[in-house]
Amino acid sequence: MRVRLAPSPTGKLHIGTARTALFNWLFARNQRGKFLLRIEDTDQERSREEFTENILEGLQWLGLNWDEELVRQSDHINSHRKAIQTLLDKGLAYRCYATEAELEEMRNDQKNRGQAPRYDNRHRNLSSEQEKSYIEKGRTCVVRFRIEDNELIQWNDLVRGKMIWKGADLGGDMVLSRRSPSDKIGSPLYNLVVVLDDAAMQISHVIRGEDHLANTAKQLVLYKAFGLAEPIFAHTPLILNTEGRKLSKRDGVTSISDFRDMGYTPDAMANYMALLGWSVPDGMDEKFTANEAAEVFNFDRVNKAGAKFDWDKLNWLNAQIIHQWHPEKLFEEISPILRDNNWQLPEKAWGIALAELIGPSLTVINDALEQSRPFFEVPLLKQDGLEQLQLKGAKTALKFLLEKLEEDPWNGMEIPKAQGLLNDSAKKAEVKKGLIMKSLRAALFGQLQGPDLLSSWSLLARVGQDRSRIRRCL
Ligand code: GLU
């Protein structure tokens, strides 16, 4: 059992491609088969090395490692050309000299008559004189493969069941190679190349998005022409945006590196992507690891209907995963954010304590930026903080607290000591403990929202930043 992902390096790793990769990977792991990677880089104008790198990095980040050496389609271009020559020699393919202008006119006529655009097979049976005269006129040509209108193409799709296509619905004789002079073969095109490469790599199952259904029908006629064994096909549903339309660049974030840069974790992405089109067996939790999913993955539970992208679910999964992390791991993950802001840590243990403190309030890793800021930059007083400090007794209580701290600073270590200081100051100012606590929070952090007060204060006390913040409010 061998499957493959065959991305074109014409853009960053798209979430749709990554989801296809994941389904291939899950199926391969489930069947104890191989998951292979082939970069389809024959479109020289649009392919870029930086996109190949982005795709490889993205797959590795997601943990979707491939089993054999990476294949680059462009390495096999000569054998692709040879295969086209074989089809020409057998009379299964022919050269078509129609110009772009002629084809355009043909399509316009079809449109005016309310017909779907298709090549009308006009050069299928040129005589050698006709061919000669086109060549003399200096016309270039493409190679086309004959598709009979009445041919029936069938396969059993693992997701969609029995599929039947008519040759007539494939847009006329199929182009196999780009335009070239008549004594050459232009660069071979996707449908031909993919068949040859999949066969060469001994791919047993082709798993890809349902936007490739018509390609599958075209590829099956080529399998037949070459006498190659057909793989089994599975076409996965499209990913739709929140309005139910195909997710596109206009929807903003669509590439895996964008999700990574926003602070999503690879585990949450893999978990969430598996749910885009696949449903877990009864009794299984919707939060799982890729290995857990691989144990039970099959195509019976892959839906035909498009899968709507649900940010709330992704966020929920991401938060769950972050909240499970050990503080040391969390600290490692947020460290780049602290570094980028030039925020200095007194020591690693302090950073780990910070990570532990803010961890429960993070949905994405990047939330650590705003959650950490008040520990490094003196915050402005927000409206609720200001109002708190205006309450009767608030400033008096803080004044008493500050006096005690100036006499005997708290090093942030023993929490009972801090509790004692708060109790004594509240008593002396004749205010409730709640009032001094809220007022202290306002003074230290500028607002009333935030994680546990004593732990937060402790972090500031450990770097000697608490007294100056209280002082500025008095
Ligand atoms: N290069 C094609 C794509 O990126 C591959 C499709 C396939 O899996 O055959 O859509």
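Each ligand, and each atom within it, is numbered from 1 in the order the structure gives. Please read these numbers as outputs of a predicted model, since none were measured by experiment.
Remark: S255 engages D258 in a side-chain hydrogen bond (donor to acceptor under 3.5 Å, both in side chains) (not counting sequence neighbours). Listed by chain and number, the residues in a ring pair (Phe, Tyr, Trp, His ring centres under 6.0 Å) with W343 are F376 (sequence neighbours excluded).
The six-membered or imidazole ring of Y272 lies near that of F309, with a centre-to-centre distance under 6.0 Å.
Checked for salt-bridge contact, R373 and E370 meet the test: a charged N lies under 4.0 Å from a carboxylate O.
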Can you pull every nitrogen or oxygen pair between ligand 1 and the protein closer than 3.5 angstrom?
residue  : atom   : partner : partner atom : Å
ligand 1 : 1 (N)  : A6      : O            : 2.8
ligand 1 : 1 (N)  : S8      : OG           : 2.8
ligand 1 : 1 (N)  : E40     : OE1          : 2.6
ligand 1 : 4 (O)  : S8      : OG           : 3.4
ligand 1 : 8 (O)  : R4      : NH1          : 2.7
ligand 1 : 8 (O)  : R4      : NH2          : 3.4
ligand 1 : 9 (O)  : R4      : NH2          : 2.9
ligand 1 : 9 (O)  : Y190    : OH           : 2.7
ligand 1 : 9 (O)  : R208    : NH1          : 2.7
ligand 1 : 10 (O) : H212    : NE2          : 3.0

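Here side-chain hydrogen bond (donor to acceptor under 3.5 Å, both in side chains) pairs that include residues 33-45, with residues two or more places apart or in two chains, are R38-E40, R38-D198, E40-Q73, D41-S74, T42-Q73, D43-R46.
The side-chain heavy atoms of E102 and R139, taken from C-beta on, include a pair separated by under 4.5 Å.
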